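Sequence lines set the chain letters: A, B, ... in the order given, protein chains first and strands last, and positions in each chain run from 1. This one's a predicted model, so the numbers in the text were calculated from it and none came from an experiment.
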2 protein chains.
Amino acid sequence: MDDNEKYGEWFGDLSSFLPGVSIDCVIIGFDLNELNILLLKWKEGGHWMLPGGFVHKDEDMDHAASRILEERTGIRLPYLKQFHTFGDLDRRANVPLFNPVTPLGAQFKEMFDWLEQRFISLGYLSLVDMRSSVPAPDLLSETCIWKPLKSIPDLIYDHNLIANKALEQIRNQINYLPIGISLLPEKFTMKQLQILYEEILQKKVDRANFQKKMLKLGFLDRHEKQLTGGAHKAPFLYAFNREKYNLLLEKGIGYMS
Amino acid sequence: MDDNEKYGEWFGDLSSFLPGVSIDCVIIGFDLNELNILLLKWKEGGHWMLPGGFVHKDEDMDHAASRILEERTGIRLPYLKQFHTFGDLDRRANVPLFNPVTPLGAQFKEMFDWLEQRFISLGYLSLVDMRSSVPAPDLLSETCIWKPLKSIPDLIYDHNLIANKALEQIRNQINYLPIGISLLPEKFTMKQLQILYEEILQKKVDRANFQKKMLKLGFLDRHEKQLTGGAHKAPFLYAFNREKYNLLLEKGIGYMS
DNA sequence: TATCTATTGTGTGCAACTTACACATTAAAT
DNA sequence: ATTTAATGTGTAAGTTGCACACAATAGATA
């Protein structure tokens, strides 16, 4: 199968998509040191962008988001939630995805035209365990990689705005999102959980009080110690007790102020 | 100008609207006793529904919501915010707005067909001072009236779901929404503010502690007493100090737990 | 083996806040 | 003048937030 056929198959018939409606995903991961965001680099022009896609006419919105996310990360059912819809007239400034004079652009004249229309985009936020994700670019992207939140490049259209809105949501909703359980591996140290909260809130928290608060909430199970550290006391490993965690989640969890 | 012409003018050319995109408004008011929601009753079939409308191709989403809201309430710039987008495939069950065999239905065959397509609807939440609103039905609605939240009738499509999602938002975001300043008249008693909070939270709060907490927050100006009460001490009137209020709003205001 | 180092786990005291309830105040009715 | 019913303020116990102290310990060092 040559590239041509692949492209054709991948996009399918444009008329099977809802016109003027798209989905953009802000996918956040944590590498135990800092927060990362999953980004695509488009072949044409090298623009950075959020992973996204279109919605089939016979497909629910959430299903489309879930499908797009699985295509980019290989993860099947992570935390995924619509957080805002972006519909300003000028949200897609004059940054065409295809240049009609390049070979690739000429080849996809039809899609190029289709993309010229006004689009309303639903922003979805996803929190995933980076270490179990397998980032995969789509056929028109050069790469699909994790970038530290601290160094998000310029993105096309209003994608920087979308990403920032998502991050604002995370900070505001921190007590009502499955932060730790989504972003950390199965077992982790209290230090790692604390760094995660510090990265989200963008400020230091008191180690002793953080530990006591988290333990008091009662949804962490303590496991054996991790002996691979340095010249110091070894930390316990913890894991979320899903039952207790889910019970508390609606009431708000975690280190708030 | 006969009805025909009026209808024609009001809907304009359907092709000037974005296809498949609509706006539904959950407009909340407070009559000093309970919360109310603004509803329309459709002429055809007598269905109850949320006030809503469509988006012009050259119009921002927020502008469309603002326009629709002003048309129904006469209020120009109330609190208004997008809160969720409803895009499920089956969200508009088989409840046609027009019956093609009635005179009205036959007349608007074109619009009837247009409305048959799949719609993605942006839900907007608005908080308004009921007493300064002038509810006005549109040309295809019989009435536009305030209904107590406690007795919302069955609404068409997924409008009950939309309304409930909005109410959930109000409860969750109560400390970050301009509750009092949007829903109360210029001057009000502490009792009225308390009832407002109790109506939203659906639970009683301690009168003495509520009063002290609100006063301590420092954004209420105390005015002269209201002497038109009963056989008891007269309450002070209060008003929001907008400056101090706005400063505090992002940090969260009010009676939380 | 004894000591040192860096980090983890827990304790303590004070201030602030929450919560429940008591008591004083007062406009109008009697 | 007294009563009534609601408002405005006080107070005490319990809880939580916050800052910092101290004890425990795995590995490094000698």
Side-chain angles (χ1 to χ4, degrees), chain A residues 32-33 171 174-175 180 184-185 187-241 248 251-257, chain B residues 32-33 174-175 180 184-185 187-240 248 251-257:
Chain A
L32 302 185
N33 272 298
R171 276 189 287 270
I174 188 168
N175 293 320
L184 289 171
K187 292 183 181 179
F188 50 89
T189 66
M190 194 58 81
K191 179 77 174 178
Q192 291 164 347
L193 183 59
Q194 184 186 338
I195 291 175
L196 173 54
Y197 272 85
E198 288 179 337
E199 282 296 305
I200 292 173
L201 295 172
Q202 285 294 305
K203 69 174 184 187
K204 293 290 177 192
V205 301
D206 184 273
R207 181 185 62 82
N209 294 328
F210 180 82
Q211 168 134 346
K212 274 177 289 182
K213 178 153 191 173
M214 284 297 164
L215 291 179
K216 195 176 183 188
L217 286 168
F219 51 74
L220 291 180
D221 292 333
R222 181 177 278 181
H223 289 107
E224 76 287 359
K225 289 193 175 185
Q226 186 182 37
L227 297 180
T228 55
H232 53 73
K233 187 171 178 178
F236 287 108
L237 287 180
Y238 297 90
F240 285 94
N241 181 315
L248 278 172
K251 295 180 187 171
I253 276 176
Y255 204 81
M256 38 192 73
S257 81
Chain B
L32 302 185
N33 273 298
I174 188 167
N175 294 320
L184 290 171
K187 291 181 180 178
F188 50 89
T189 67
M190 194 59 80
K191 179 77 174 178
Q192 290 163 347
L193 183 59
Q194 185 187 337
I195 291 175
L196 173 54
Y197 272 86
E198 288 179 338
E199 282 295 305
I200 293 173
L201 295 172
Q202 286 293 304
K203 70 174 185 187
K204 295 289 178 193
V205 301
D206 183 90
R207 181 184 62 80
N209 294 328
F210 180 82
Q211 168 133 348
K212 274 176 292 184
K213 178 153 191 171
M214 283 297 163
L215 291 179
K216 195 174 184 189
L217 286 168
F219 51 74
L220 292 179
D221 292 333
R222 181 177 277 181
H223 290 107
E224 76 287 359
K225 289 191 175 185
Q226 186 182 38
L227 297 181
T228 56
H232 53 74
K233 187 172 177 176
F236 286 107
L237 287 180
Y238 297 90
F240 284 93
L248 278 172
K251 294 179 187 172
I253 277 176
Y255 204 82
M256 38 191 74
S257 82

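- Side-chain proximity of B:Y238 to D:dG8, D:dG27, D:dT9: nearest is D:dG8.
- The NE2 atom of B:H232 sits 19 Å away from the P atom of C:dT25 (whole-angstrom rounding).
- Taken to the nearest 0.5 Å, the CG atom of A:L215 stands 5.0 Å off from the OH atom of A:Y238.
- If you check distances only, the side chain of B:R207 does reach the base of D:dG8 with a donor-acceptor pair under 3.5 Å.
- Out of D:dT9, D:dG27, C:dT10, the shortest distance to the side chain of A:L227 is found at D:dG27.
- Listed pair B:K213 / C:dT18 meets the phosphate criterion, a side-chain N or O lying under 4.0 Å from OP1 or OP2.
- Separating the CZ atom of B:F236 from the C1' atom of C:dT26 is a distance of 11 Å, rounded to the nearest angstrom.
- Residue A:K225 contributes atom NZ, which lies 6 Å from atom P of D:dT25 at whole-angstrom precision.
- For the pair A:N209 CG and C:dA15 C1', the interatomic distance rounds to 14 Å; values are reported in whole Å.
- B:F236 carries B:R222 over the face of its six-membered ring, with the cationic atom under 6.0 Å from the centre and within 45° of the normal.
- Counting atom types as modelled, A:K212 pairs no side-chain N or O with a base atom of D:dG17 as donor and acceptor under 3.5 Å.
- Rounding to the nearest 0.5 Å places CE of B:M190 at 11.0 Å from CG of B:L237.
- Under the 30°/60° scheme for interplanar angles, the aromatic rings of B:F219 and B:F240 are found to lie parallel.
- Atom NZ in B:K233 sits roughly 19 Å away from atom P in D:dT4 (whole-Å rounding).
- Comparing D:dA21, C:dA27, C:dT8 by their nearest atom to the side chain of A:K191 picks out C:dT8.
- Residue B:K216 contributes atom NZ, which lies 19 Å from atom P of D:dG8 at whole-angstrom precision.
- What separates CD of B:Q192 from C1' of D:dT7 is a distance of 13 Å, to the nearest Å.
- In this entry the distance linking CZ of A:F210 with P of C:dT8 reads 12 Å, nearest Å.
- Using a cutoff of 4.0 Å between basic side-chain nitrogens and carboxylate oxygens, A:K187 and A:E224 are scored as salt-bridged.
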